[in-house]
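The block underneath contains the structure these notes are about, expressed in structure tokens.
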Amino acid sequence: MEQYDAIIIGAGQAGVPLSKKLAQAGKKTLIIEKRYVGGTCVNDGCTPTKTWVASAKAAYDASISAELGVNIKSYKIDMRQVKKRKDDIVLKSRNGGQKAIEGTKNLTLIFGEATFTGKKTLLIELNEGGTLEVTADLIFINTGARTLIPEIEGLKDIKYLTSTTILDLDYVPEHLLVVGANYIGMEFGQMFGRFGSKITMLEKAQRVLSREDEDIAEAMHQILTDENIEIYTDATTLAFEKTKKGNIKAKVSIAGKEQVIKCSHVLIGVGRIPQSEALNLDKTGVNSKLETNIKGIYALGDVKGGPAFTHIAYNDYTIVYRNLIEGDNLTIKDRPVPYCMFTDPQLGRIGINEEDAKKQKIKVKVVKLPMAHVARAIEVGDTRGFMKAVVDPATKKILGAAVLGTEGGEIMTVLQMAMEGGITYDRIRYCVFAHPTYSESLNNLFLNLED
Ligand SMILES: Cc1cc2nc3c(=O)[nH]c(=O)nc-3n(C[C@H](O)[C@H](O)[C@H](O)COP(=O)(O)OP(=O)(O)OC[C@H]3O[C@@H](n4cnc5c(N)ncnc54)[C@H](O)[C@@H]3O)c2cc1C
């Protein structure tokens with residue numbers, strides 16, 4: 001049994017920085033990873049998808065360049081190069097992360113799968129063969145999440161794709177059926193549509209992006225439809241079947257009517273679930289300081305449930321580290337949860353939306369500004385979407401925002417800073433912003449608000 005001061009299970013977005021900081025603080029630290037350093041974000045999530053979003057955007061820009069007076073005769077997607085560029089960026093990040101761990105004093109990296117065998121003891125099935133038993137007073141679980149595979153008849157018999165396996169494609173599928181029109185499904189659907197696949201999206205809910213306001217969901221639906229993406233809502237996938245020619249037949253119920261959709265590939269994008277089974281963690285939640293019901297055992301990032309984003313996992317690390325090593329008393333209560341969907345245009349979100357306000361019976365005012373009224377958007381040639389903010393008329397504070405538009409994530413971040421700094425909307429109306437930036441239009445957004 002090897003003894004450490006601290007053990008981290010999973011080299012993800014919380015685990016890697018935490019392991020380095022604990023080791024630098026003098027703790028004999030072990031980090032265990034069953035696959036790749038960097039976790040989902042680096043290897044199967046943010047990094048690879050956003051490099052592909054960039055390739056897809058280049059294709060889209062080429063397709064509409066004539067409008068800007070640039071005639072591109074033709075363009076072709078070289079999916080092998082698209083994949084190679086992505087692989088190079090991922091590998092650089094993964095290897096950089098691994099080197100940084102290996103170069104840190106007091107820190108050991110072991111590749112293998114960890115399971116709890118006792119309260120504070122772990123068995124590691126080493127990737128290179130054999131096992132190892134380890135123990136520590138402090139254990140941090142950072143095992144992330146994995147794709148949720150729904151129970152659908154015949155699904156196991158077709159070679160379906162997930163958000164992870166689709167990243168191995170070095171060709172463009174002829175017809176991709178995307179099950180799930182939420183953040184992940186939308187990013188992949190639009191990007192493969194731009195690479196040249198025919199795209200059909202199936203969404204079980206009454207609308208796409210069911211957690212967003214209806215106007216946002218409708219606008220995004222229209223944006224994708226304008227790119228020839230076929231979207232069905234109120235659509236339940238009943239069964240899959242392989243055809244003799246190697247294609248796939250999907251039996252679906254759309255608004256109660258059964259239909260058959262033929263496609264070449266299926267992407268399952270209905271959500272992700274915490275990866276906690278091997279750890280026997282199912283019944284253990286965390287408190288607001290991320291400690292489980294066992295003292296000294298913490299869970300950070302996606303595995304604990306709740307908002308599954310890289311910046312949340314990273315913030316979990318800073319909270320736990322500062323509490324343990326710097327003597328702080330921080331919690332995850334009331335922390336902001338910004339996020340961005342990297343479709344084109346992006347959807348940047350922070351705080352409550354209009355529907356949250358209704359549900360919570362909060363008296364708010366809602367203000368909108370179409371991107372068609374944003375000088376920068378007109379000049380760039382992309383006026384799709386709108387900005388929207390939810391404010392408290394009594395305090396003039398901004399309670400939430402949704403920015404569906406080019407650089408929506410960046411514009412949302414400006415509003416987040418205002419929210420965090422308590423800058424009220426009546427001040428933003430008259431802030432001097434550089435012209436013509438997108439954020440300059442925040443003046444006009446709040447001038448649209450009647451006092
Ligand atoms: C397609 C896709 C796109 C995404 N895009 C974004 C985005 O644009 N922005 C954003 O903020 N978030 C995005 N996310 C979410 C983001 O990737 C995750 O929220 C983030 O990686 C969570 O980090 P984590 O530290 O909780 O876990 P992870 O990064 O998932 O790391 C967990 C690690 O633990 C390892 N592990 C698991 N079990 C064991 C075990 N028993 N023993 C040893 N090791 C183990 C895993 O192999 C993994 O490396 C995306 C996710 C996906 C799937």
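Indexing begins at 1, ligand by ligand and atom by atom, following the structure's order.
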* Where on T310 is there a heavy atom closer than 4.0 Å to ligand 1, on the side chain, on the backbone, on both, or on neither? -> both

* Structure fact -> Here the atoms of ligand 1 under 4.0 Å from any heavy atom belonging to I9 are 40 (C), 42 (N), 43 (C)

* side chain to side chain donor-acceptor pair (under 3.5 Å) evaluation trace for E102 with Q98 -> CA-CA 6 Å; E102 287 165 348; Q98 185 170 330; 3.0 Å; yes

* Is there side-chain contact between L107 and I31, with heavy atoms separated by less than 4.5 Å? -> yes

* So, E174 and S264: side-chain donor and acceptor under 3.5 Å apart, yes or no? -> no

* Whether C340 lies under 4.0 Å from ligand 1, heavy atom -> no

* Asked: How about F192 and W52: are their ring centres within less than 6.0 Å of each other?
  -> yes

* Between Q275 and ligand 1, which part of the residue brings a heavy atom under 4.0 Å of the ligand: side chain, backbone, both or neither? -> side chain

* Please could you name the atoms of ligand 1 that E113 approaches to less than 4.0 Å, counting only its heavy atoms? => 41 (N), 42 (N)

* Contact partition for A313 relative to ligand 1, non-hydrogen atoms under 4.0 Å -> side chain

* Structure fact -> ligand 1 atoms nearer than 4.0 angstrom to some heavy atom of I32 are 43 (C), 44 (N)

* Structure fact -> Note: T115, heavy atoms under 4.0 Å from ligand 1, region reported as neither

* Name the option, out of T143, D316, N43, I8, that contains the heavy atom nearest to atom 37 (C) of ligand 1. => T143

* Without swapping roles, check the side chain of T104 against the backbone of A100 for a donor-acceptor pair under 3.5 Å. => yes

* For the rings on Y183 and F342, is their centre-to-centre separation under 6.0 Å? -> no

* To do: Answer with side chain, backbone, both or neither: which part of Y339 has a heavy atom less than 4.0 angstrom from an atom of ligand 1?
  => neither

* Structure fact -> T49 heavy atoms within 4.0 Å reach ligand 1 at atoms 1 (C), 3 (C)

* Structure fact -> Short version for N142: what comes under 4.0 Å of ligand 1, heavy atoms counted, is both

* To do: Mind listing the closest non-hydrogen atom pair of I411 and M371 along with its distance?
  => CD1-CE, 4.4 Å

* Near S163, which atoms of ligand 1 are under 4.0 Å from a heavy atom of that residue? -> 1 (C), 53 (C)

* Could you walk me through whether T200 and H175 pass the side chain to side chain donor-acceptor pair (under 3.5 Å) test, one step at a time? => CA-CA 8 Å; T200 305; H175 182 179; 2.7 Å; yes

* Structure fact -> Restricting to heavy atoms, the pick from C46, G269, A299 nearest atom 13 (C) of ligand 1 would be C46

* To do: Could you name each residue pair satisfying ring-ring contact (aromatic ring centres under 6.0 Å, His included) that touches residues 129-149, not counting sequence neighbours?
  => F140-Y298

* Asked: Is the shortest N/O to N/O distance between F342 and ligand 1 below 3.5 Å?
  -> no

* Nitrogen or oxygen of C41 less than 3.5 angstrom from that of ligand 1 -> yes

* Asked: Is there a nitrogen or oxygen of G15 sitting under 3.5 Å from a nitrogen or oxygen of ligand 1?
  -> no

* Per-residue contact class, R272 against ligand 1 - non-hydrogen pairs under 4.0 Å -> side chain

* Pull out every atom of ligand 1 sitting under 4.0 Å from any heavy atom of H311, numbered as shown with elements. => 11 (O)

* Which atoms form the tightest heavy-atom contact between M387 and L445, and what is the distance? -> O-CD1, 3.8 Å

* Asked: Heavy atoms, side chains only, cut-off 4.5 Å: are L161 and I268 in contact?
  -> no

* Per-atom contacts, ligand 1 versus Y36 - under 4.0 Å to a heavy atom -> 49 (O)

* Asked: Considering E33, E187, R35, K50, which one's heavy-atom position lies nearest to atom 46 (C) of ligand 1?
  -> E33

Which atom pairs, donor and acceptor, lie under 3.5 Å between side-chain atoms of residues 401-409 and protein residues at least two apart or in another chain?
from	atom 1	to	atom 2	distance (Å)
T406	OG1	D382	OD2	3.4

* Structure fact -> Within 4.0 Å of some non-hydrogen atom of A308, the atoms of ligand 1 are 15 (C), 19 (O)

* With side chains defined as the heavy atoms from C-beta onward, is the minimum distance between R384 and D344 less than 4.5 Å? -> yes

